[in-house]
J.: 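Here it is, the structure in full.
Along the sequence shown, residues are numbered consecutively beginning with 1.
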Amino acid sequence: MSESNSTVSAVVPIAVMGTTQREKIKCIIDKLEEGVRAVFASGEYREYLDFLSRFHHYSFRNVILIKMQLPTASLVAGYGDWVKKHHRWVKKGEKAIRILAPTPYKKKQEQEVVDEHGNKFKEEVEVLVPCFKIVNVFDVSQTDGEPLPTLGVDELEGTVEQYDAFMAALESVSPAPIGFEDIPGGSHGYYHHVERRIAIQEGMPQLQTLKTGVHEVAHAVLHAWPEDGTMPKDGPDRNTKEVQAESVAYTVCQHYGLETSDYSFAYIAGWSSGRDIKELKDSLDVIRQTAHDLITKIDAALDVPIGEIAHE
């Protein structure tokens, strides 16, 4: 990425109403829920996953908050971190991007305890109470100073000549062995729940093979049956499982510059219709966490620079 110019970025900060910290947090949470619904209702799901591929280490809530305020953001940090860690300074007139940072605290409370003889008694224990605060961050486009050594996925170049390295890394992080075979019926791949293995259609183009591999690894991570091979009675339905696995595959591939534009994002709109906000949030969080874990593990397993993975 080239050095930023002096133009002030078009950040649209969330208007935080209220006099107390609790009221201000509630205001942001309300806006966040609007953002979650907008991801699905307005057909922005692909754009959201593209954004997630750059900010996979953030919570899905903060991914949406950053996207709502500066859709062009690529790398954010607090004012102090830009100065101390990167020797860059926020340009005059820039507006901060507001996100939520966890600030849990401990407190003592009584709870009922049952001893080995079945006797009940009260005991004072220390519990961790979840809490958040509003923090200000700025995108790299809002700063000037020393150039950064790398800005991640936006600078990826190369071809799938590194296919073997990426496939080896994927196999090393997969919880199930990956094999190739001729799969009847036109399927690109599957995860066998009972045998706990992944099969990929042999002879496919490399990009399709990689995307299918990540998709099936996501299934193995998220949807594996118990070791006794019995189908769980609860859990997400089949359509939700497919949405989760394909969304993880798209996000991971986008992170490495592997364009998988054949993905049917229209399917997501149909899947999300009629589902409540909690279910939508839960799936977004599962997708983000799984994509983050896979990217982190693949990064560690790769024997080549990340910049050499992307295809032409």
J.: Quick test of your reading of the model: are E227 and R196 salt-bridged, counting only N-O distances below 4.0 Å?
T.: no

J.: Looking just at side-chain N and O atoms, do D299 and Y256 make a donor-acceptor pair shorter than 3.5 Å?
T.: yes

J.: Are any side-chain N or O atoms of W82 and backbone N or O atoms of F138, one a donor and one an acceptor, separated by less than 3.5 Å?
T.: yes

J.: Return the orientation label for the H223 and H219 ring planes: parallel under 30°, perpendicular over 60°, tilted otherwise.
T.: tilted

J.: Going from OG1 on T230 to CH2 on W225, what distance comes out if it is rounded to the nearest 0.5 angstrom?
T.: 8.0 Å

J.: Between T251 and R288, does a side-chain hydrogen bond (donor to acceptor under 3.5 Å, both in side chains) hold up when you go through it step by step?
T.: CA-CA 9 Å; T251 303; R288 186 210 66 83; over 6 Å; no

J.: Only one of Q201, E216, R197 passes side-chain hydrogen bond (donor to acceptor under 3.5 Å, both in side chains) with Y190; say which it is.
T.: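 Testing each of Q201, E216, R197 against Y190, the sole residue satisfying side-chain hydrogen bond (donor to acceptor under 3.5 Å, both in side chains) is R197.
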
J.: Check this for me: does any side-chain nitrogen of one of D30 and K26 sit under 4.0 Å from a carboxylate oxygen of the other?
T.: yes

J.: So, for V214 and V248, which heavy atoms are closest and what is the spacing to 0.1 Å?
T.: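 Minimum heavy-atom separation between V214 and V248: CG1-O, 4.3 Å.
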
J.: Report yes or no: does Q142 contribute a side-chain atom to a donor-acceptor pair with the main-chain N or O of D139 at less than 3.5 Å?
T.: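 Yes, because the side chain of Q142 sits within donor-acceptor range (under 3.5 Å) of the backbone of D139.
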
J.: Under 3.5 Å, side chain of D276 to main-chain N/O of E279, donor-acceptor pair present?
T.: yes

J.: Indicate, with yes or no, if the rings of H193 and Y191 have centres closer together than 6.0 Å.
T.: yes

J.: When you compare the side chains of R275 and S283, does any donor N or O come within less than 3.5 Å of an acceptor on the partner?
T.: no

J.: Determine the minimum heavy-atom distance between H292 and H57, stating which atoms define it.
T.: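 Closest approach of H292 to H57: ND1-CA, 3.6 Å.
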
J.: Test side-chain hydrogen bond (donor to acceptor under 3.5 Å, both in side chains) on T290 and D293 and set out the steps.
T.: CA-CA 5 Å; T290 307; D293 289 346; 5.9 Å; no

J.: Apply side-chain hydrogen bond (donor to acceptor under 3.5 Å, both in side chains) to residues Q208 and T212 and explain how you reach the verdict.
T.: CA-CA 6 Å; Q208 181 64 60; T212 299; 3.0 Å; yes

